[in-house]
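Worksheet: the structure to be examined is printed underneath.
A, B, ... follow the sequence lines: proteins, then strands. Residue 1 opens every chain.
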Number of protein chains: 2
Amino acid sequence: MARSSQTETAVLGALSVEPMTGYALRESIRDVLGHFWSESFGQIYPALAELERQGLVRRRGSSRPGSSTFAITASGRARLRQLLAQPIQPVPPRNGLMLRLFFGRHLGPEACRSLVLEAKADAERRQAQYEAIRRELEHEENHTEDRPFRLLTVSAGEHTTRAAIAWADEAIAALKDIDAANDAPEQRRRR
Amino acid sequence: MARSSQTETAVLGALSVEPMTGYALRESIRDVLGHFWSESFGQIYPALAELERQGLVRRRGSSRPGSSTFAITASGRARLRQLLAQPIQPVPPRNGLMLRLFFGRHLGPEACRSLVLEAKADAERRQAQYEAIRRELEHEENHTEDRPFRLLTVSAGEHTTRAAIAWADEAIAALKDIDAANDAPEQRRRR
DNA sequence: GGGCACATGTAAGCTGTTACATGATTAA
DNA sequence: TTAATCATGTAACAGCTTACATGTGCCC
């Protein structure tokens with residue numbers, strides 16, 4: 001039951017929107033869920049096969065490549081609801097940027113600054129993407145039932161990136177102070 | 001070189017502050033780095049053994065349990081600097097909350113609301129922890145060289161949790177609207 | 001007819017977690 | 001003397017990534 005079928009959840013969820021091929025599925029997971037979820041493609045086809053075996057999805061059309069799509073079945077929808085209702089599995093944090101900053105003394109303020117600037121640029125890029133998704137969602141006619149829920153996730157992304165940008169600015173200022181504190185004695189000596 | 005020695009980074013980093021036993025090391029990683037980094041304990045001892053073999057850490061005292069501590073060596077420090085300078089390995093996102101909200105239509109606004117409330121409570125708990133760490137850091141006399149860098153990571157945590165709380169409030173309001181939109185037609189019919 | 005995007009899979013291998021095994025020391 | 005905590009490991013396994021293998025259909 002708790003068989004970590006997180007891949008199943010993502011696959012069933014994507015198919016709950018519309019039937020598609022395995023190939024389209026992996027693109028959908030990459031492009032649509034990509035901001036907060038990822039599946040390695042080596043998992044998708046096996047998961048799909050297992051779901052088919054359990055009758056949770058059905059292959060439409062011949063099994064010849066290029067002509068078959070996978071559709072979720074009624075029991076698949078039931079299973080999806082069941083999976084979504086299960087407790088969230090916490091992901092152990094692994095924030096490489098924070099690890100480097102925490103031991104930043106060994107790295108030096110300059111290198112830390114670069115890392116923070118990179119992170120800021122990253123956040124700004126994502127911010128632009130969220131805005132684009134929001135615009136798209138707000139003008140789209142399809143999936144109006146899903147829209148408000150999707151907007152929740154976009155909004156979460158926007159809040160997160162805004163916070164990242166604000167933090168980055170603060171961090172850059174702080175790193176300048178560290179630099180100044182290090183330089184000050186030397187400069188005094190030099191003059 | 002790129003051998004995913006992220007565990008080594010964390011271990012060397014922790015030992016760069018002060019020598020300690022493997023047991024203390026794992027507690028330190030859990031309690032101090034825990035907010036943004038995690039290591040499974042099954043990795044720490046093998047990593048420690050490998051680092052010892054490479055001369056990057058040295059075992060002080062007898063090898064009898066309870067009396068030996070591990071200390072970082074000069075070449076260990078050099079290795080740490082090298083590891084910290086390596087490019088950050090991006091973690092594939094796996095945000096269970098967002099996955100559930102994205103497909104929230106199948107879950108219903110009520111269940112989504114619970115999830116968001118849980119997330120908010122979580123963020124508030126972490127917020128309190130960050131405040132405590134900040135106070136501790138600002139009053140501590142030790143590790144003054146590390147302090148400004150550690151404060152950067154605390155600040156990142158604070159920004160992130162503040163954003164999470166703000167988003168949660170917004171999301172709860174949005175979910176109320178969804179509920180209202182669903183109820184309205186029924187209520188009209190009933191009256 | 002050559003290249004590209006579509007399409008479906010498999011297998012090796014690495015990473016990381018969990019559970020287990022063992023024993024010393026200390027506090028109640 | 002029993003339980004808890006400190007301390008050090010190992011081994012099995014689950015999960016995931018990567019690279020590979022294979023083939024189709026379409027467009028230039």
Side-chain angles (χ1 to χ4, degrees), chain A residues 1-11 14-15 19-31 33-34 37-53 57-71 83 89-96 99, chain B residues 1-11 14-15 19-31 33-34 37-53 57-71 83 89-96 99:
Chain A
M1 175 82 71
R3 261 292 160 88
S4 128
S5 306
Q6 310 237 88
T7 302
E8 286 189 17
T9 312
V11 168
L15 290 180
M20 53 184 115
T21 66
Y23 190 85
L25 188 62
R26 76 188 215 185
E27 286 198 316
S28 158
I29 289 175
R30 164 158 53 74
D31 299 339
L33 300 182
W37 197 261
S38 71
E39 285 299 337
S40 79
F41 300 154
Q43 305 263 95
I44 289 180
Y45 283 108
L48 221 32
E50 174 62 17
L51 289 172
E52 190 183 14
R53 204 188 58 73
V57 307
R58 206 173 11 241
R59 201 187 292 252
R60 301 241 169 217
S62 84
S63 66
R64 187 167 56 81
S67 61
S68 73
T69 59
F70 294 89
L83 286 170
Q89 295 193 18
V91 215
R94 230 120 204 274
N95 190 325
L99 185 66
Chain B
M1 175 83 70
R3 261 296 160 86
S4 127
S5 307
Q6 309 237 89
T7 303
E8 285 188 17
T9 313
V11 168
L15 290 180
M20 52 184 113
T21 66
Y23 190 86
L25 188 61
R26 77 189 216 184
E27 286 199 317
S28 158
I29 288 175
R30 163 159 53 76
D31 299 340
L33 301 182
W37 197 262
S38 70
E39 286 299 338
S40 80
F41 300 153
Q43 307 261 96
I44 289 181
Y45 283 108
L48 220 33
E50 173 62 19
L51 289 172
E52 189 183 16
R53 203 188 58 75
V57 307
R58 205 171 16 240
R59 200 186 292 253
R60 302 239 168 219
S62 83
S63 65
R64 188 168 56 79
S67 61
S68 75
T69 60
F70 294 90
L83 286 171
Q89 295 193 19
V91 215
R94 231 118 203 277
N95 189 326
L99 185 66

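Residue B:E52 contributes atom CD, which lies 11 Å from atom P of D:dT8 at whole-angstrom precision. The CD1 atom of B:I29 sits 15 Å away from the C1' atom of D:dT8 (whole-angstrom rounding). Rounded to whole angstrom, the span from the CD atom of A:Q89 across to the C1' atom of C:dG16 amounts to 14 Å. We find that CG of A:L25 is positioned 14 Å from C1' of C:dG9, with the value rounded to whole Å. A:L48 has its CG atom 12 Å from the P atom of C:dT10, to the nearest Å. Look at OH on A:Y45: it is 12 Å from C1' on D:dG23, rounded to the nearest Å. At whole-Å resolution of the value, CD in A:E39 and P in D:dT17 are 7 Å apart. Regarding B:I44, its CD1 atom lies at a distance of 13 Å from the C1' atom of D:dA7, rounded to whole Å.
Take the nearest nucleotide of DNA chain D for B:F70 and for A:S38: the residue whose nucleotide is more 5' is B:F70. Position along DNA chain D of the nearest nucleotide to B:A24 versus B:P46 favours B:A24 as the more 5'-ward residue.
Within 4.0 Å of A:G42, counting heavy atoms only, lies at least one base atom of the nucleic acid. Residue B:R26 is classed as a base contact, given a heavy-atom separation below 4.0 Å to a base.
Under 4.0 angstrom from either OP1 or OP2 of D:dC16 there lies no side-chain N or O belonging to A:S40. A close approach under 4.0 Å does occur between a side-chain nitrogen or oxygen of A:S68 and OP1 or OP2 of C:dT8.
Taking the screw axis at each terminus of the helix from C:dG1-D:dC28 to C:dA28-D:dT1 from five consecutive base pairs, the angle between the two is 20° to within rounding of 10 degrees.
Checking D:dC6, D:dT17, C:dG16 against the side-chain heavy atoms of B:T7 singles out C:dG16 as nearest. Across D:dC16, C:dT8, C:dG16, the shortest atom-to-atom separation from the side chain of A:Y23 is found for C:dT8. For B:Q43, whose side chain is taken as the heavy atoms from C-beta onward, the closest listed nucleotide among D:dT18, C:dG16, C:dA7 is C:dG16.
Using a 4.5 Å heavy-atom cutoff, the side chains of A:L48 and A:L15 are in contact. Between B:Y45 and B:Y23, some side-chain heavy-atom pair lies under the 4.5 Å cut-off. Contact check for A:R60 versus A:P19: no side-chain heavy atoms found under the 4.5 Å cut-off. Using a 4.5 Å heavy-atom cutoff, the side chains of A:Q43 and A:E8 are not in contact.
Shown here for B:P93 and A:G34, the closest heavy-atom pair between the two residues is CG-O, 3.5 Å. Nearest heavy-atom pair across A:W37 and A:A10 is NE1-CB, 3.7 Å.
For B:R58, there are no salt bridge (charged side-chain N to carboxylate O under 4.0 Å, His left out) partners two or more places apart in sequence or in a different chain.
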